[in-house]
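See structure below.
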Amino acid sequence: MPTLTAAQARRVAVAAQGFHEPKPAGAPTRAHLKRLISRIQVLQLDSVSVAVRAHYAPVFSRLGPYERDVLDRAAWAHSARSPRLLVEYWAHEAALMSVQDWPLLRWRMAEYRHGRWGTEIVKKNAALAEKIVAAVAELGPCTAGQIEAHLETEPRGRKGPWWDRSDTKWVAEALWSAGVLTTATRVGFARHYDLTERVLPPDVLAREVSDEEAVRELILRSAGALGVATEPDLRDYFRLNPKQSKPAVAALVAAGELEAVEVDGWNAPAYLRAGQKVPRRDRGTALLCPFDPLIFFRPRMERLFDFHYRIEIYTPADKRRFGYYVWPFLLDGELVGRVDLKADRAAGALQVLGAFTEDGRDRSRVAAAMAGELRSMAGWLGLDDVAVGERGDLIRPLRAALVTR
């Protein structure tokens with residue numbers, strides 16, 4: 001069985017995510033976005049917007065400053081000249097993925113026929129589900145609140161038992177998880193539901209893929225996106241279960257589409273997609289949001305980069321080690337630091353609430369590179385300045401590097 005060094009595995013993983021390529025010389029376009037999605041597969045959605053919403057960040061990290069409207073149109077608009085490129089579904093978690101990949105997740109839609117959560121509420125409201133589908137058919141793209149108002153199902157202020165969701169919202173979300181409804185557009189991040197057949201192309205909806213074939217394809221795509229990965233790593237990318245992933249990996253190895261390898265220091269076999277090249281140099285410099293695909297699976301992140309990371313959003317402020325919304329910093333293919341960021345739009349500044357280097361790293365080098373990325377991010381977000389706070393060992397050299405730049 002071939003063996004990779006830890007450094008080779010890291011280079012393969014970083015390159016697979018597109019960081020080894022130079023950023024476009026001009027403004028990134030829809031074509032750049034399409035190519036990126038074919039490589040990394042998914043952009044996770046998350047409601048936290050303290051710096052920028054999660055789905056925008058990986059594109060910036062790989063392509064540099066781009067018009068966010070390019071992504072918005074690809075995900076939530078459609079025209080004859082510019083057909084919808086992306087669609088929302090439970091790919092990793094809630095995520096944007098290629099429209100063409102919709103048939104690969106029909107088995108999950110069948111599993112979620114009563115929703116992902118709150119299934120008892122949904123099961124008790126079968127009649128409401130029919131009414132919601134009819135309402136959406138009549139109204140066109142609409143929010144749960146608009147559906148509720150149309151049906152007059154619940155008086156204002158009456159809520160369901162969990163998360164303050166009304167029964168209408170629970171059932172609409174279940175229909176979304178079941179693939180009956182999908183997201184037509186978002187306005188202020190609020191989801192507007194529509195009938196799936198009015199949003200996705202007929203050829204996509206007509207494509208039949210067996211469950212086994214779909215899972216094998218998802219594993220193969222995970223392998224392409226990860227570069228080198230153990231079976232649990234491959235499983236996590238599309239949140240599969242072991243009963244699905246293990247036979248799929250075995251079948252792909254037998255078919256010669258995956259190659260089993262050993263990685264120094266890893267305690268489980270790893271897999272490369274057939275034909276995967278091993279870069280000779282460490283490349284890739286970027287700020288990574290907490291939901292970046294390179295660092296989705298924290299055990300793999302620690303194995304690849306010797307970098308321990310936990311998001312501390314739900315940790316009480318006085319118990320946080322690094323901060324609320326911390327971005328790991330990739331410098332020449334290695335994770336060398338982290339920075340707690342907040343976009344202060346009222347003040348027109350990207351706030352660096354804390355900045356930290358990993359043990360043994362050259363602070364001056366890290367600070368100089370990070371300063372460049374922070375300036376780029378601030379400009380991308382329409383902010384005039386980078387304001388540096390007081391926490392962390394990198395604060396002083398970073399402040400100096402920003403002044404120099």
Side-chain angles (χ1 to χ4, degrees), residues 42 44-48 53 55 75-76 78 84 86-97 99 101-200 202 204-206 208-209 211 214 238-241 243-244 314:
V42 295
Q44 186 171 338
L45 295 161
D46 190 81
S47 61
V48 176
R53 293 201 189 275
H55 58 289
W76 298 302
H78 177 85
R84 185 184 298 264
L86 306 173
V87 66
E88 291 183 29
Y89 193 62
W90 298 115
H92 180 69
E93 288 296 318
L96 293 168
M97 65 180 191
V99 165
D101 289 347
W102 182 265
L104 301 180
L105 289 164
R106 279 210 187 91
W107 56 270
R108 179 165 285 162
M109 296 170 200
E111 286 185 358
Y112 291 164
R113 62 188 179 279
H114 295 122
R116 187 177 181 184
W117 296 291
T119 55
E120 292 307 312
I121 297 170
V122 176
K123 289 176 183 177
K124 291 175 183 177
N125 284 281
L128 178 57
E130 295 178 3
K131 291 178 181 178
I132 289 173
V133 172
V136 173
E138 180 179 346
L139 294 172
C142 50
T143 65
Q146 290 169 332
I147 296 168
E148 192 169 294
H150 179 78
L151 297 178
E152 296 181 344
T153 53
E154 304 190 28
R156 183 67 61 185
R158 179 181 157 205
K159 299 295 182 180
W162 195 26
W163 289 351
D164 281 342
R165 279 184 173 177
S166 67
D167 285 356
T168 302
K169 178 64 173 176
W170 276 114
V171 176
E173 280 294 287
L175 291 166
W176 184 87
S177 295
V180 177
L181 303 179
T182 191
T183 308
T185 191
R186 282 183 180 265
V187 179
F189 206 61
R191 178 181 286 148
H192 286 59
Y193 303 94
D194 202 354
L195 303 180
T196 298
E197 60 264 29
R198 293 201 300 215
V199 174
L200 300 188
V204 171
L205 295 174
E208 297 290 338
V209 183
D211 292 358
F238 285 99
R239 294 296 168 90
L240 305 173
N241 66 57
K243 291 182 180 179
Q244 295 172 303
Y314 303 110

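For the pair Glu148/Ser166, a side-chain contact is recorded, criterion being any heavy-atom separation below 4.5 Å from C-beta on. Two residues are said to be in side-chain contact when any heavy atoms from C-beta on lie closer than 4.5 Å; His55 and Gln44 fail this criterion. The side-chain heavy atoms of Thr168 and Ile132, taken from C-beta on, include a pair separated by under 4.5 Å. Between Val171 and His114, the closest side-chain pair of non-hydrogen atoms is not below 4.5 Å.
Note that CE of Met97 is 7.5 Å distant from CG of Leu104, once rounded to the nearest 0.5 Å. Note that the CZ atom of Phe238 and the CH2 atom of Trp90 stand 15.0 Å from one another [nearest 0.5 Å]. Met109 contributes atom CE, which lies 9.5 Å from atom OG of Ser177 (distance to the nearest 0.5 angstrom). Expressed to the nearest 0.5 Å, how far CH2 of Trp102 lies from OG1 of Thr196 amounts to 4.5 Å.
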Run the side chain to side chain contact (heavy atoms under 4.5 Å, CB included) check on Tyr112 and Trp117 step by step: do they pass? CA-CA 9 Å; Tyr112 291 164; Trp117 296 291; over 6 Å; no

Walk me through whether Val136 and Ile147 qualify under side chain to side chain contact (heavy atoms under 4.5 Å, CB included). CA-CA 7 Å; Val136 173; Ile147 296 168; 3.7 Å; yes

May I have the step-by-step check of side chain to side chain contact (heavy atoms under 4.5 Å, CB included) for Leu96 and Trp76, ending in yes or no? CA-CA 10 Å; Leu96 293 168; Trp76 298 302; 4.0 Å; yes

Derivation of the side chain to side chain contact (heavy atoms under 4.5 Å, CB included) call for Leu151 and Leu128: CA-CA 9 Å; Leu151 297 178; Leu128 178 57; 4.0 Å; yes

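Each of Arg186, Arg53, His92 was scored for a side chain to side chain contact (heavy atoms under 4.5 Å, CB included) with Leu45, with one residue passing: Arg186.
In this view, Glu120 and Lys123 satisfy the side-chain contact (heavy atoms from CB on, under 4.5 Å) rule, not counting sequence neighbours. For Asn125, there are no side-chain hydrogen bond (donor to acceptor under 3.5 Å, both in side chains) partners two or more places apart in sequence or in a different chain. Remark: Gln146 engages Cys142, Thr143, His192 in a side-chain contact (heavy atoms from CB on, under 4.5 Å) (not counting sequence neighbours). Contacts of Glu130 classified as side-chain hydrogen bond (donor to acceptor under 3.5 Å, both in side chains), with partners at least two apart in sequence or in another chain: none. Here Thr183 pairs with Glu88, Trp176, Arg191 under the side-chain hydrogen bond (donor to acceptor under 3.5 Å, both in side chains) rule; sequence neighbours left out. Val180 pairs by the side-chain contact (heavy atoms from CB on, under 4.5 Å) definition with Val133, Leu175, Ala178, not counting sequence neighbours. For the ring pair (Phe, Tyr, Trp, His ring centres under 6.0 Å) test, no residue two or more places apart in sequence or in another chain qualifies with Trp107. Applying the side-chain contact (heavy atoms from CB on, under 4.5 Å) criterion to His78, with sequence neighbours excluded, gives Pro83, Arg84. Residues satisfying the salt bridge (Lys or Arg N to Asp or Glu O under 4.0 Å) test with Asp101, not counting sequence neighbours, are Arg221. Taking Asp194 as the reference, Arg198 meet the side-chain hydrogen bond (donor to acceptor under 3.5 Å, both in side chains) condition, with sequence neighbours excluded.
In terms of heavy-atom proximity, Ala214 sits nearest to Val209 at N-CG1, 3.6 Å. Closest approach of Leu181 to Ala172, counting heavy atoms only: CD1-O, 4.1 Å.
Shown here is Phe189, whose CZ atom has more than 12 heavy atoms of other residues, nucleotides or ligands within 6.0 Å.
Note on residues 110-119: pairs passing salt bridge (charged side-chain N to carboxylate O under 4.0 Å, His left out), not counting sequence neighbours, are Glu93-Arg116.
No donor-acceptor pair closer than 3.5 Å links the side chain of Glu138 to the backbone N or O of Ala135. The backbone N or O of Ala91 lies less than 3.5 Å from no partner atom in the side chain of Arg239, so there is not a single donor-acceptor pair.
The closest side-chain donor-acceptor pair between Glu173 and Tyr193 falls under 3.5 angstrom.
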